[in-house]
Amino acid sequence: MKYEHESIEKKWQDAWAAQGVYRTPEDPTKPKYYALVEFPYPSGHGLHVGHARPYTAMDVVARKRRMQGYNVLFPIGWDAFGLPTENYAIANHIHPAKVTHDNIAFFRDQTKLLGYSFDYSREVDTTDPAFYKWTQWIFLRLFEHGLAYKAQMPVNWCTSCKCVLANEEVVDGVCERCGSSVVRREKSQWMLRITAYAQRLLDGLDEVDFPDRVKVQQRNWIGRSTGAEVDFRTTTGDTLCVFTTRPDTLFGATYMVMSPEHPNLGRWRERITNWAEVKAYQDLSAQKSDIERSEMQRDKTGVELKGVRAINPVNDAEIPIYVSDYVLMNYGTGAIMAVPGHDTRDWEFATKFGLPIVEVVAGGNVQEQAFTDVQNGVMVNSGFLSGMQTSDAIVAMIAWLEEKGLGHASINFKLRDWVFSRQRYWGEPIPIVHCPKCGYVPLPESELPLKLPNVESYEPTDTGESPLAKMRDWVETSCPRCGGPAERETDTMPQWAGSSWYFLRYTDPYNDAALASPEALAYWTPVDWYNGGMEHTTLHLLYSRFWNLFLYDIGVVPTSEPYRKRTSHGMILGEGGEKMSKSRGNVVNPNDIVSEYGADTMRLYILFLGDFEKAASWQQNDVKGCRRFLERLWTLCENLNDDAAYSPANITLIHKTIKKVTEDIENLKFNTAIAAMMTLLNEMTSNGASKGDLKTFLTLLAPFAPHSCEELWHQLGFESFVVCQSWPAYDPALCIDQEVEIAVQINGKFRGTVWVPADCPDEELVKAATAEERIQRNLEGMRIVKTIVVKNKLINLLVKP
RNA sequence: GCCGAAGUGGCGGAACGGCAUACGCGGUGGUCUCAAAAACCACUGAAGGUAAACUUCUUGUGGGUUCAAAUCCCACCUUCGGCACCA
């Protein structure tokens with residue numbers, strides 16, 4: 001019989017579905033395991049190999065856990081709100097809901113083709129009102145707790161399309177669609193106060209099993225800095241507060257800089273004698289786009305405030321104040337004390353403007369460049385700090401400031417609040433009403449879900465409002481509080497909203513009374529293993545940790561951290577290591593591989609092609625190697641004529657392989673697990689295999705190539721399903737070879753090998769090694785002065801003439 | 001600039017103090033065939049040597065530690081990701 005993948009795969013997919021073998025069991029007596037993949041955005045292009053890699057990997061994990069006796073929750077869903085769908089809808093005049101529905105159907109069919117063991121009865125779809133009812137519900141709770149608020153924020157405005165662009169639509173400073181320049185415009189936007197959770201999001205990282213690179217990236221993103229806030233008196237009578245991480249260098253502060261947006265500037269207008277010049281600088285900065293600002297990054301510009309001076313609190317020196325856009329309004333206090341001797345940016349500015357550079361930490365040459373080393377420095381020219389180590393000086397200075405009431409220890413974060421509104425149609429409506437009397441009023445829970453109305457056009461408006469703003473009969477409503485006339489919020493939520501909590505919904509996807517029942521959450525959460533891409537480290541992964549932590553605080557979820565273990569897969573590149581893209585024409589469609597070679601070959605190859613955590617390039621030519629592996633297995637099973645439970649020739653390698661595959665799956669070493677099974681198959685082919693050998697082999701391979709294994713399982717006459725068998729156990733005693741080949745080195749150089757019984761005593765080993773002809777030749781005229789033995793591996797003979 | 005990852009045969013990659021190049025692809029020779037494809041068997045890092053025996057060299061570069069280094073340490077070069085005037 002021939003290995004016909006198409007009919008075999010269809011046959012077993014149907015059989016498994018008919019028996020519901022991948023249904024999530026409702027059996028609270030068994031231990032649970034929640035394996036999660038990032039749900040896809042169902043784009044029109046369909047599933048690509050970049051999805052197949054993590055999905056196949058976690059499918060192997062989920063299948064192994066089922067075989068190990070766990071209740072496994074391995075769900076899939078659709079992160080379906082988003083810009084590409086909306087743009088497609090605009091271009092083709094099809095309702096985004098219809099586009100979404102079709103794309104989901106396509107994606108679902110593709111995942112089924114690949115034989116993933118998802119529980120499709122628990123699918124979630126973020127655009128389904130039954131789902132986004134709870135997204136809106138969470139938003140209302142955030143609002144209730146003061147964590148959602150409105151603020152003026154700059155948005156991206158395309159000067160040609162005359163509309164607001166999402167950040168993703170701005171590429172290299174220009175509009176992705178028309179290529180025109182994008183400028184900043186102020187708009188009132190909904191914000192989420194993620195900064196209130198900065199410290200706890202940082203602390204939580206210590207409790208979870210994430211790769212270091214993920215933790216490091218999140219820590220950098222949150223960006224905690226410790227230092228001090230210091231008040232400088234000014235000649236206006238106002239004080240100017242700054243944040244610094246280097247209070248030890250306060251004696252070296254020779255000028256101050258304020259951000260152009262600093263509110264004090266307007267207040268001091270009457271006193272600033274060169275106000276026109278300052279105003280012109282402010283206007284220029286406001287016009288600059290982000291790109292312009294970063295392009296000019298190294299070239300410092302600024303204007304001195306004439307008529308206003310500051311006083312350095314440690315030495316009462318009068319110092320000038322500048323306005324410059326290298327100081328950002330949204331970090332620290334929007335003003336800095338400049339220490340040009342010990343800060344690179346201040347040094348550049350001081351050099352350009354001819355400002356004094358004072359050395360207060362010895363160790364460098366501050367006339368040449370700023371000396372910024374905090375570790376190795378001794379304070380100089382610094383009054384009571386002189387002679388101290390910088391680290392001690394920081395502590396001493398903060399104590400001094402606190403004592404004098406001039407400042408205090410302070411912590412700052414780079415993390416910014418989350419801009420939560422989009423001027424778009426295809427997103428969750430924000431369940432808030434603007435009442436002229438009551439302000440922003442939340443909708444009562446009974447009015448959820450607030451459904452998206454059908455509109456004629458999804459085009460963004462030229463006023464920068466969401467398309468919903470044109471729906472007057474939807475917008476005009478009454479205030480839930482006072483009953484007076486009011487208007488609905490017309491902005492929608494960003495795509496990150498649904499994905500911030502979807503994993504909770506899988507535990508109880510049809511609940512209409514809560515986002516999920518407390519029992520379901522208590523049983524299934526936290527997620528035991530969550531795999532996803534590195535590109536989601538600082539947005540999705542951080543946002544969902546934030547929402548989960550908030551839901552934990554209000555008693556909705558039982559754990560503070562949503563994911564116990566996180567892993568990340570590397571990207572799949574095209575041949576030659578280039579990124580896959582339509583323009584390069586090197587995109588691989590999984591469907592093509594499945595129809596030519598079969599899903600099992602596709603699954604094996606995608607895991608075999610390289611280290612799962614690293615980027616790897618697709619080699620079309622190599623795919624057939626995995627297909628040949630399955631065909632050799634097929635041939636071996638067909639020619640079976642030994643009914644024994646095991647064959648002595650294979651037993652050690654079988655147990656070793658079970659051990660290796662069992663461990664490799666846990667460590668994401670799918671490539672070497674497959675290589676080990678190939679080695680075993682090659683051995684069994686040359687030694688001959690018994691029925692029992694093949695039975696074990698099929699259960700071991702089943703998570704990787706379930707269809708072929710299921711077919712062969714039945715051809716060999718076994719009952720039930722191979723995918724429902726127990727995971728094979730290995731006997732450590734049987735993993736040990738009776739005879740081992742020992743490498744023999746002389747003075748560290750490899751000179752040959754010798755076969756000896758395992759755990760052979762050192763003296764016996766030396767005897768055996770020196771008995772070898774080749775070794776003897778190399779020992780001629782030498783005497784052994786020392787021997788180094790690595791048990792069952794190697795012997796090194798150190799010799800002298 | 002800062003943070004992170006990585007440089008190994010013709011190619012994808014294994015090994016991560018102990019026989020470098022597992023496994024797969026490709027290549028060469030053979031079996032089968034009228035022939036081809038497929039399949040199967042053998043060989044396949046480089047140089048010297050006689051296609052043997054054997055010898056030497058080889059994990060981005062240069063040093064070091066060690067009986068032993070692709071692996072650990074120091075310096076440098078290159079590539080790829082992320083952040084980027086965060087005081």
Side-chain angles (χ1 to χ4, degrees), chain A residues 211-217 219-221 223-225 227 242-246 249 253 257 259 290 293-294 296-300 324-328 330-339 342-346 348-349 372 412-416 534-535 537-538 570-571 573 575-577 579 604-605 608-611 613-626 628-629 631-632 635 669 671-682 685-686 741-753 774 777 785-799:
Chain A
D212 280 341
R213 54 184 178 150
V214 170
K215 288 190 182 184
V216 165
Q217 222 168 291
R219 287 196 184 106
N220 289 346
W221 187 262
R224 184 182 198 265
S225 296
V242 302
F243 171 73
T244 177
T245 56
R246 297 292 305 273
T249 62
V257 187
S259 161
D290 280 351
R293 277 206 183 190
S294 58
M296 310 231 251
Q297 178 179 127
R298 295 283 150 222
D299 190 23
K300 301 277 184 293
S324 174
D325 63 7
Y326 84 87
V327 173
L328 309 172
N330 51 11
Y331 182 78
T333 63
I336 60 157
M337 65 175 209
V339 185
H342 307 283
D343 180 281
T344 311
R345 296 149 301 176
D346 298 344
E348 285 166 4
F349 190 87
T372 57
N412 260 285
F413 296 94
K414 282 187 203 171
L415 187 69
R416 306 276 155 83
M534 278 307 284
E535 71 275 19
T537 299
T538 52
M571 227 196 315
L573 306 169
E575 301 221 20
K579 241 182 195 170
L604 281 170
Y605 179 64
F608 184 66
L609 89 177
D611 185 331
E613 297 189 87
K614 293 180 194 150
S617 54
W618 184 273
Q619 307 284 324
Q620 186 59 40
N621 233 350
D622 291 5
V623 177
K624 59 170 88 82
C626 291
R628 285 179 189 153
F629 167 63
E631 280 174 358
R632 283 200 300 274
T635 309
K669 300 286 180 195
N671 51 340
T672 51
I674 293 167
M677 289 188 281
M678 287 173 166
T679 305
L680 175 57
L681 182 68
N682 293 345
T685 304
S686 48
E741 192 179 23
I742 307 285
V744 184
Q745 294 183 342
I746 295 175
N747 284 346
K749 270 208 185 300
F750 174 74
R751 292 298 174 193
T753 60
R774 187 180 168 199
R777 250 189 300 115
V785 293
K786 195 177 175 189
T787 59
I788 293 158
V789 175
V790 182
K791 221 24 160 201
N792 294 332
K793 273 199 170 149
L794 172 140
I795 176 167
N796 190 3
L797 304 168
L798 303 184
V799 300

Mind listing the N/O atom pairs, protein and nucleotides 66-73 of chain B, below 3.5 Å?
residue : atom : partner  : partner atom : Å
B:C67   : O2   : A:Asn796 : ND2          : 2.6

By the 4.0 Å heavy-atom rule, please label [X] as base, sugar-phosphate, or nothing.
X        : answer
A:Ile336 : base
A:Asp611 : sugar-phosphate
A:Trp221 : sugar-phosphate
A:Val216 : sugar-phosphate
A:Lys414 : base
A:Ser225 : sugar-phosphate
A:Arg751 : sugar-phosphate
A:Glu741 : base

Inset, instruction - Nearest-nucleotide wise, let me know which of A:Thr245 and A:Lys614 is further upstream toward the 5' end of RNA chain B. - result: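 Result of the comparison: A:Lys614.
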
Legend entry - Residue closer to the 5' end of RNA chain B, A:Thr685 versus A:Thr753 (nearest nucleotide):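 By nearest-heavy-atom nucleotide position, the 5'-most residue is A:Thr753.
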
[X] side chain near [Y] side chain, heavy-atom distance below 4.5 Å:
X        : Y        : result
A:Lys414 : A:Asn220 : no
A:Thr372 : A:Thr344 : yes
A:Glu535 : A:Met571 : no
A:Thr249 : A:Met337 : yes

Please identify each residue that fulfils side chain to side chain donor-acceptor pair (under 3.5 Å) with [X], with sequence neighbours left out.
X        : value
A:Gln619 : A:Ser617
A:Lys793 : none
A:Ser259 : A:Glu261

How far, in whole Å, is [M] from [N] if one measures between their [atom1] atoms?
N     : M     : atom1 : answer
B:G9  : B:A5  : C1'   : 24 Å
B:G1  : B:A84 : C1'   : 8 Å
B:U61 : B:U8  : C1'   : 15 Å
B:C11 : B:G26 : C1'   : 7 Å
B:G10 : B:G64 : C1'   : 34 Å
B:A42 : B:G49 : C1'   : 23 Å
B:G4  : B:C76 : P     : 16 Å
B:C80 : B:C74 : C1'   : 24 Å

Return the polar atom pairs (N/O with N/O) between nucleotides 45-50 of chain B and the protein under 3.5 Å, or none.
none

Inset, instruction - Return no unless some side-chain N or O of A:Arg774 is found under 4.0 Å from OP1 or OP2 of B:U55. - result: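 Yes, A:Arg774 has a side-chain N/O under 4.0 Å of OP1/OP2 on B:U55.
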
Inset, instruction - Compare side-chain N and O positions of A:Thr344 against OP1 and OP2 of B:C85 and report whether any pair is under 4.0 Å apart. - result: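 Result: no.
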
Inset, instruction - Kindly give the heavy-atom pair with the smallest separation between A:Ala338 and A:Val257, and that separation in Å. - result: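 Looking at all heavy atoms of both residues, the shortest contact is CB-CG2, 4.4 Å.
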
Check the distance between [N]'s [atom2] and [X]'s [atom1] and give it to me in whole angstrom.
X        : N     : atom1 : atom2 : answer
A:Lys793 : B:A15 : NZ    : C1'   : 10 Å
A:Ile746 : B:C19 : CD1   : C1'   : 14 Å
A:Leu328 : B:C83 : CG    : P     : 16 Å
A:Phe750 : B:C54 : CZ    : P     : 11 Å
A:Leu681 : B:A39 : CG    : P     : 14 Å
A:Leu609 : B:C11 : CG    : C1'   : 13 Å
A:Met571 : B:U79 : CE    : C1'   : 14 Å
A:Phe413 : B:A87 : CZ    : P     : 12 Å

Inset, instruction - Hey, could you give me the CG/CD distance between A:Asp212 and A:Gln217, rounded to the nearest 0.5 Å? - result: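 Interatomic distance, A:Asp212 CG to A:Gln217 CD, rounded to 0.5 Å: 12.5 Å.
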
Inset, instruction - Give, for atom NZ of A:Lys624 and atom CD of A:Glu631, the distance between the pair rounded to the nearest 0.5 Å. - result: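 Spacing of NZ (A:Lys624) from CD (A:Glu631) equals 12.0 Å.
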
Applying salt bridge (charged side-chain N to carboxylate O under 4.0 Å, His left out), can you list everything that pairs with [X], at least two apart in sequence or on another chain?
X        : result
A:Arg219 : A:Asp206
A:Asp611 : A:Lys614, A:Lys669
A:Glu575 : none
A:Asp346 : none

Inset, instruction - Look at the side chain of A:Asn747 and the backbone N and O of A:Val799, then say whether any donor-acceptor pair between them is shorter than 3.5 Å. - result: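 Confirmed, A:Asn747 side chain pairs with A:Val799 backbone.
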
Legend entry - Main-chain N/O of A:Gly748 paired with A:Asn796 side-chain donor or acceptor, under 3.5 Å: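 Side chain of A:Asn796 to backbone of A:Gly748, a donor-acceptor pair under 3.5 Å: yes, one is there.
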
Inset, instruction - Would you mind calling B:G64 syn or anti? Take O4'-C1'-N9-C4 for purines or O4'-C1'-N1-C2 for pyrimidines, and syn is within 90° of 0. - result: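 Anti, angle beyond 90° from zero.
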
Inset, instruction - Would you state whether a donor and an acceptor, one from the side chain of A:Lys300 and one from the base of B:C85, lie under 3.5 Å apart? - result: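 Indeed, a donor on one side and an acceptor on the other fall under 3.5 Å apart.
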
Protein-nucleotides 21-26 of chain B N/O pairs closer than 3.5 Å?
residue : atom : partner  : partner atom : Å
B:G24   : OP1  : A:Asn682 : ND2          : 3.2
B:G24   : N2   : A:Asp622 : OD2          : 3.3
B:C25   : OP1  : A:Arg628 : NH1          : 2.6
B:C25   : O4'  : A:Asp622 : OD1          : 3.4
B:C25   : O2'  : A:Asp622 : OD1          : 2.9
B:G26   : OP1  : A:Lys624 : NZ           : 3.4
B:G26   : OP2  : A:Arg628 : NH1          : 3.3

Legend entry - Involving RNA chain B, stems made of at least three consecutive Watson-Crick or G-U pairs, both distances under 3.5 Å: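 Detected stem regions: B:1-7 with B:77-83, B:10-12 with B:23-25, B:26-31 with B:39-44, B:45-48 with B:54-57, B:60-64 with B:72-76.
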
Inset, instruction - For A:Phe349, enumerate each residue passing the ring pair (Phe, Tyr, Trp, His ring centres under 6.0 Å) test, keeping only those at least two apart in sequence or located in another chain. - result: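 In terms of ring pair (Phe, Tyr, Trp, His ring centres under 6.0 Å), with neighbours along the sequence ignored, A:Phe349 is linked to A:Tyr255, A:Tyr322, A:Tyr326, A:Phe353.
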
Legend entry - Among B:G12, B:C57, B:A87, the nucleotide that comes nearest once only the side chain of A:Thr244 is considered: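 Among the listed nucleotides, the one closest to the side chain of A:Thr244 is B:A87.
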
